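Keep in mind that what you see is a predicted model, and the values were worked out from it rather than measured. The chain is numbered in sequence order, starting from 1.
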Amino acid sequence: GAISSLQRQVEIQESELRRIRSEKELLQKQLREREVQLQAMSDKFCTITEEQRQEEIVAMMEEENRNLHQIVTEQESQLAEQSKLIGELQGTISQLRAEVVNARLHLLEQKQAQKEIQNQADALQHKALQTRVALEQVTCKFERYRNKIIQATFSVEGSQDPPGELTDNEVLEAMQKIINERAELQQMLKHKGSR
């Protein structure tokens with residue numbers, strides 16, 4: 001929206017600039033026409049002899065010269081104002097174009113940052129899914145391993161079945177007890193064999 005607004009301002013300023021340039025060209029054309037008229041009158045009066053009311057012609061020429069000089073002065077002043085306004089409009093247009101470029105760059109940076117954030121979010125989501133799968137696999141393996149330990153621990157001859165759900169500590173204690181008993185038995189067999 002900001003870019004569209006800036007572009008509309010640029011178009012308005014450029015339209016105003018074209019209008020002013022057209023007016024400037026019209027004034028320059030009128031100035032040239034006045035100069036041609038002045039030259040034509042000068043040429044015409046040069047052909048008139050002294051006997052053909054020289055004083056009246058000179059007065060008319062001086063009056064016309066004053067009028068033309070005033071018109072030229074006014075048109076030159078208008079042209080100077082138009083040139084100044086054209087310079088200001090060109091500066092404004094350049095500034096608006098720079099703002100449009102900056103707005104587009106800012107928008108591009110925002111889109112790039114949003115894309116990077118989206119990529120990071122996708123990567124994190126993928127990693128979380130992988131972690132969840134790995135956790136499920138580890139949990140499944142742990143449960144199988146725990147069941148094997150319980151089975152090995154309580155399938156020993158003379159051992160009693162567990163009264164209910166065992167905690168991990170109870171499983172470890174029972175397993176440690178079996179390991180100790182087997183170690184003692186092994187020591188006894190070694191000792192008996194050496195004798």
Side-chain angles (χ1 to χ4, degrees), residues 1-50 52-141:
I3 290 173
S4 298
S5 177
L6 289 172
Q7 287 176 335
R8 282 197 296 275
Q9 290 183 29
V10 169
E11 291 171 359
I12 291 169
Q13 294 293 336
E14 287 178 339
S15 176
E16 183 68 11
L17 183 60
R18 287 193 296 272
R19 184 185 67 78
I20 291 171
R21 283 179 174 163
S22 177
E23 291 178 1
K24 179 182 176 181
E25 291 173 359
L26 180 61
L27 288 172
Q28 287 176 334
K29 182 178 178 182
Q30 291 175 355
L31 180 60
R32 287 193 296 270
E33 289 174 355
R34 291 292 184 177
E35 289 173 347
V36 169
Q37 290 176 3
L38 180 59
Q39 185 63 41
M41 288 186 68
S42 296
D43 294 339
K44 178 181 177 182
F45 288 139
C46 286
T47 60
I48 297 175
T49 62
E50 290 289 330
Q52 295 176 330
R53 300 166 61 190
Q54 183 176 4
E55 292 180 2
E56 184 181 346
I57 292 171
V58 169
M60 288 175 59
M61 286 181 62
E62 289 176 351
E63 181 66 23
E64 186 67 21
N65 282 339
R66 283 193 296 271
N67 292 336
L68 289 173
H69 189 275
Q70 183 179 357
I71 291 171
V72 168
T73 302
E74 291 175 356
Q75 290 186 346
E76 286 178 345
S77 176
Q78 290 180 3
L79 284 174
E81 291 178 1
Q82 298 290 345
S83 297
K84 181 181 177 182
L85 184 56
I86 286 172
E88 292 175 355
L89 288 173
Q90 286 176 334
T92 303
I93 289 171
S94 298
Q95 181 181 354
L96 289 173
R97 284 177 175 165
E99 290 178 7
V100 169
V101 171
N102 289 335
R104 285 178 176 167
L105 287 175
H106 184 63
L107 182 62
L108 186 62
E109 289 173 357
Q110 285 183 334
K111 286 182 178 179
Q112 186 65 28
Q114 184 178 3
K115 184 178 179 181
E116 291 177 1
I117 291 172
Q118 184 62 43
N119 290 339
Q120 291 176 359
D122 293 342
L124 287 173
Q125 188 175 5
H126 182 66
K127 191 171 183 180
L129 181 62
Q130 289 179 329
T131 304
R132 192 178 302 115
V133 171
L135 180 61
E136 289 176 359
Q137 291 175 347
V138 169
T139 302
C140 185
K141 287 181 181 179

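- Ile86 CD1 to Leu79 CG: the interatomic distance, rounded to the nearest 0.5 Å, is 9.0 Å.
- Remark: Gln120 CD to Leu124 CG distance equals 7.0 Å, nearest 0.5 Å.
- Side chains of Val36 and Glu33 form no contact here, defined as non-hydrogen atoms less than 4.5 Å apart.
- Rounding to the nearest 0.5 angstrom, the gap separating the CZ atom in Arg34 from the CG atom in Leu31 is 10.0 Å.
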Using the rule given for side-chain contact (heavy atoms from CB on, under 4.5 Å), can you reason through Gln125 versus Leu129, listing the C-alpha separation, both sets of side-chain angles and the distance that settles it, and then say yes or no?
CA-CA 6 Å; Gln125 188 175 5; Leu129 181 62; 6.0 Å; no

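- The CD atom of Glu81 sits 7.0 Å away from atom CD of Gln78, with the distance rounded to the nearest 0.5 Å.
- Note on residues 11-20: pairs passing side-chain hydrogen bond (donor to acceptor under 3.5 Å, both in side chains), not counting sequence neighbours, are Glu14-Arg97, Glu16-Arg19, Arg19-Glu23.
- Using a 4.5 Å heavy-atom cutoff, the side chains of Gln30 and Leu26 are in contact.
- The line from CD1 of Ile12 to CG of Leu89 is 12.0 Å long, rounded to the nearest 0.5 Å.
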Report the C-alpha distance between Glu136 and Arg132 in whole Å, list the side-chain angles of each, state the deciding distance to 0.1 Å, and finish with yes or no for side-chain contact (heavy atoms from CB on, under 4.5 Å).
CA-CA 6 Å; Glu136 289 176 359; Arg132 192 178 302 115; 4.0 Å; yes

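- Evaluation of the side-chain hydrogen bond (donor to acceptor under 3.5 Å, both in side chains) test over residues 102-118, restricted to residues two or more places apart or in two chains, returns His106-Gln110, Gln118-Asp122.
- The closest donor-acceptor contact from the side chain of Ser94 to the backbone of Gln90 lies under 3.5 Å.
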Evaluate the side-chain contact (heavy atoms from CB on, under 4.5 Å) criterion for residues Arg32 and Gln28: first the C-alpha distance (whole Å), next the side-chain angles of each, then the deciding distance (0.1 Å), finally the verdict.
CA-CA 6 Å; Arg32 287 193 296 270; Gln28 287 176 334; 3.8 Å; yes

Could you pull out every donor-acceptor pair under 3.5 Å between side chains of residues 58-68 and any protein atom, sequence neighbours left out?
unit_1: Glu63; atom_1: OE1; unit_2: Arg66; atom_2: NH2; d: 2.6
unit_1: Asn65; atom_1: ND2; unit_2: Met61; atom_2: O; d: 3.2
unit_1: Asn67; atom_1: ND2; unit_2: Glu63; atom_2: O; d: 3.3

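- Within the 4.5 Å cutoff, the side chain of Leu17 has heavy atoms near those of the Arg21 side chain.
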